Structures are given as C-alpha cells and as structure tokens.
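Presented below is the structure to which this report refers.
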Amino acid sequence: MEALGRLEDLPEDYRVELAARNLVPLWPSLRAVLPPGVPARRTQAICWPYADIRPLLLQAGELTPIEKAERRVLVLANPGHGLEKMQASASIYLGMQLLLPGEWAPAHRHTPNAVRMIVEGEGAYTTVAGEKCVMSRGDLILTPTGLWHEHGHEGENPVVWLDVLDLPLLYYLEASYVTEGRAQTVANTAAERAYQRGGVVPSPLFARGAKPFPMLRYPWVEVRAALCALADSQPEIEAVQLAYINPETGADCQAILGYSALLLRPGETLALPARSPALVMHQIEGGTEVAIADQRFTLAEADTCCAPGYVGVTLANRSSEQPAFLFLADESPLHKKLGIYETRA
Ligand code: 1HN
C-alpha cells in the first residue's frame, strides 16, 4: 500500500487557509481511519481482579454516603481508551456497584441500556418498571432503555454487582441522558417465573404479550441448571453456552450488547474464534485461564476481563474436577445490526 502525502508536505499558508475555513485534507489521515485488514483498536486486553476491587469499593462505602453518590460505583476502565473515558471497550461500560444494608439508590431512567450481574451478598433488590427483582449471586437483571429503576437493600451484608451498559456508544451518539423520578410502587415480583420453562410463553386468551422486555430477571439457579442439563444431554456440543434472550421473540435480550453464560467442562479448553466485537468475561463460579493474543490472565471467582475485537480468545477451565461458569457480554447484536459482524478462522 502506497505511502500517502503528509500534512507537513503541504505549504504552511495553504494549511492555514484550510483550517480558517474548517477544512481538512483527507489523505494525511486516510490510513489512520481506514487501516488495511484489521481495524485500529484502543481496547486493550485487561483484567480486573475482584480481590483488588473489593477493599476499595468497601472503602468507598465509608468515604461516600449513598446520598452523595446516587450510584456508588468503581468503574472498570480500559487504559487503552484513557481512564477518564470510563469505558471497557468501544461500546461497553463496566462498573462494580456497592449497596450497603438499608441504603436506597433513587429511581431514575435513562437512554443507555444496563444489566446487572450479582457478585456477592443477599437481600438487595432492584425495582424495574414496578417489578421487584430480588438480587442473588449470579442473577442477571435487565434495566433496559427507558425503564424506571431503583435499588434497595433489606439484608445484613454489603451487596455488590457488576453493571454492564452500552453507555460509551450512547454517549458517542450524543443520545445519553437521565430523567430523575420518584420511588416506584411495586406492582409484581418474580414475573420471570412466567417464562421459566423453555418452549412455552404466556398466551392468555390466545393473546401473546407485547412488552419489548418481558423478562427482567434471569435467576442463576435456572441458568446454571440449564447449562448443566445441556452439558449432560449433549456431550458432543462444542461449547456449552446459553444466550440470554427475549423469550417472546427469541432475539437477544437487548438491542446493542449481547449476554450469554458459558460452562467449561472439567479440564476443558475452548478456543473462541476471532470475532469483530469486543468481549467481556466475568467468572461466576470456578476459575479460568484466559489467553487473549499474547496476554494471559487467571480468572478467579468474581474476576472480570475484556478482549478487543478481531483477536482469538482461549478459555481453559483451571479445574479437572469441577465445571467453571462464565458470564459473557459482547457487542455482537450491534455489529450484526450494523452489518459489520465478522468471524475469522
Ligand atoms: C446507572 O443508572 C446505574 O442504575 C449504574 O445502578 C451505573 C453508570 C452510568 C450511567 C447510569 C444504576 C450507571 C448508571
């Protein structure tokens, strides 16, 4: 590929003329915005061990009352993007949030989509659009775009969860904003039970539901049991992986980021192909050796790491006796909608 003319090759007075008219020559920057073969990526392969986060998050609980934080979160920031950008990848925001017994994080709704993966503690809940969603370790709770949500805690010990949002994308699109609200009235609890059996959905008087987000809580006990059943019943399957979907449509549960749970069989090593979207991995149970290009991370329970797009990722269960369970978040729904989704051998 031919080297192109540089900015310095142009006469100073010509460059000044251009800038004064808000004009820029393309050719000195063309290769940077359109590199050959593989995109430029700021996203670095990074690991955030929970053992590092936990004491600092508990310290935040002492330093900053909930009223002064609204959401008490330490953001898992990818240094490749600059820490101040608060992003894990181009489209993914990650944060660890702490709620202490008796605390309340007030109701609001916003354009970015969020999910929470519960990391530790019992007794906290999120109310989403009037539905009280109890938080237990490993549960996935959705707070999709535009739905009111608030968090409360009726238990005895700190509760911590991982927030995953498409905030960097919505912020980039200049479409990220919040609306403050008053405390919601709880209208129902455990509505997800209506969707708990695969293959059937509620159809009262022959009418199917029309809610865009019919299922808000995916309890870990159910997802774990489904993974174990899949591993037992289909030993030949290449990856024991379940996608979190909208049970009314079968589509990804949210429009921009995709979520799945993966079981690594005892002793299993799984090579994921290089794919265009960035990938976040969070250890729910067990331990995993992660290889991302020439980087190696050892994930213990509650650790989180991320890989840029267009690189292969290899996951190895550290145990030869027990399965390992991972929560995965990626940008594949977005890439598929944009028509840029790729897998490379
Ligand atoms: C948010 O609404 C929550 O509701 C957590 O718990 C983290 C990060 C950025 C923007 C909104 C929450 C968030 C957030």
Side-chain angles (χ1 to χ4, degrees), residues 48 50 53 56-57 60-61 64-78 81-121 123-137 139-155 158-184 186 213 216-218 253-257 259 280 282 304 306 327 329 331:
W48 296 271
Y50 190 55
I53 300 171
L56 294 167
L57 191 54
T64 307
I66 192 72
E67 297 74 24
K68 289 285 174 200
E70 237 165 79
R71 300 296 191 261
R72 193 191 287 112
V73 177
L74 293 180
V75 178
L76 281 52
N78 194 310
H81 288 271
L83 299 182
E84 72 290 351
K85 291 281 171 53
M86 299 198 299
Q87 55 193 102
S89 74
S91 306
I92 305 177
Y93 159 103
L94 299 173
M96 281 283 181
Q97 182 161 173
L98 170 70
L99 199 64
L100 294 170
E103 287 185 340
W104 186 66
H108 68 191
R109 60 181 189 172
H110 42 67
T111 47
N113 294 276
V115 304
R116 329 205 174 276
M117 165 53 52
I118 315 311
V119 174
E120 83 167 71
Y125 61 90
T126 289
T127 304
V128 186
E131 180 175 335
K132 185 172 179 177
C133 299
V134 171
M135 294 174 159
S136 282
R137 206 172 75 79
D139 291 353
L140 185 74
I141 299 174
L142 311 188
T143 57
T145 181
L147 298 194
W148 292 107
H149 57 281
E150 63 198 87
H151 316 304
H153 192 343
E154 296 159 337
V159 166
V160 177
W161 63 81
L162 176 68
D163 291 311
V164 187
L165 284 86
D166 50 23
L167 176 67
L169 177 69
L170 270 76
Y171 185 75
Y172 174 74
L173 295 175
E174 302 183 350
S176 175
Y177 74 95
V178 71
T179 308
E180 304 294 330
R182 275 173 295 151
Q184 301 168 75
V186 173
F213 303 102
L216 297 172
R217 175 169 178 257
Y218 298 73
C253 66
Q254 289 188 344
I256 295 170
L257 301 183
Y259 302 100
V280 168
H282 172 80
T304 307
C306 89
F327 169 63
E331 300 160 331

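From a predicted model like this one, the values you see are computed outputs, not experimental measurements. Counting starts at 1 for both ligands and their atoms, in listed order.
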Subset of ligand 1 atoms that lie under 4.0 Å from at least one heavy atom of [X]:
{"X": "His149", "answer": "2 (O), 4 (O)"}
{"X": "Asp163", "answer": "5 (C), 7 (C)"}
{"X": "His151", "answer": "4 (O), 6 (O), 12 (C)"}
{"X": "His108", "answer": "1 (C), 2 (O), 4 (O)"}
{"X": "Tyr93", "answer": "7 (C), 8 (C)"}
{"X": "His110", "answer": "1 (C), 2 (O), 11 (C)"}
{"X": "Leu167", "answer": "9 (C)"}

- Task: Classify the ring geometry between His149 and His108 as parallel (under 30°), tilted (30 to 60°) or perpendicular (over 60°).
- Result: perpendicular

- Task: Say whether, by atom type as modelled, one donor and one acceptor occur between the side chain of Asn113 and the main chain of Thr145 under 3.5 angstrom.
- Result: yes

- Item | atom 12 (C) of ligand 1: the protein heavy-atom neighbour that sits closest, reported with distance to 0.1 Å | Arg71 NE, 2.8 Å

- Of all protein heavy atoms, the one nearest atom 10 (C) of ligand 1 is Leu165 CD2, 3.9 Å

- Message: When you compare the side chains of Gln87 and Tyr171, does any donor N or O come within less than 3.5 Å of an acceptor on the partner?
- Response: no

- Would you check if there is a donor-acceptor pair between the side chains of Arg72 and Thr64 at a distance under 3.5 Å? no

- Atom of Pro168, atom of Ala90 and distance for their closest heavy-atom approach: CB-O, 3.3 Å

- Task: Kindly compute the distance separating CG (Leu98) from CG (Leu56), expressed to the nearest 0.5 Å.
- Result: 12.0 Å

- Kindly compute the distance separating CH2 (Trp161) from CG (Asp139), expressed to the nearest 0.5 Å. 12.5 Å

- Query: Any non-hydrogen atom of Glu150 lying under 4.0 Å from ligand 1?
  - Reply: no

- Return yes when atom CD of Glu174 has more than 12 non-hydrogen atoms of other residues, nucleotides or ligands closer than 6.0 Å, and no otherwise. no

- Message: Geometry only, no angles: is Gln97 polar-contacting ligand 1 at N/O separations under 3.5 Å?
- Response: yes

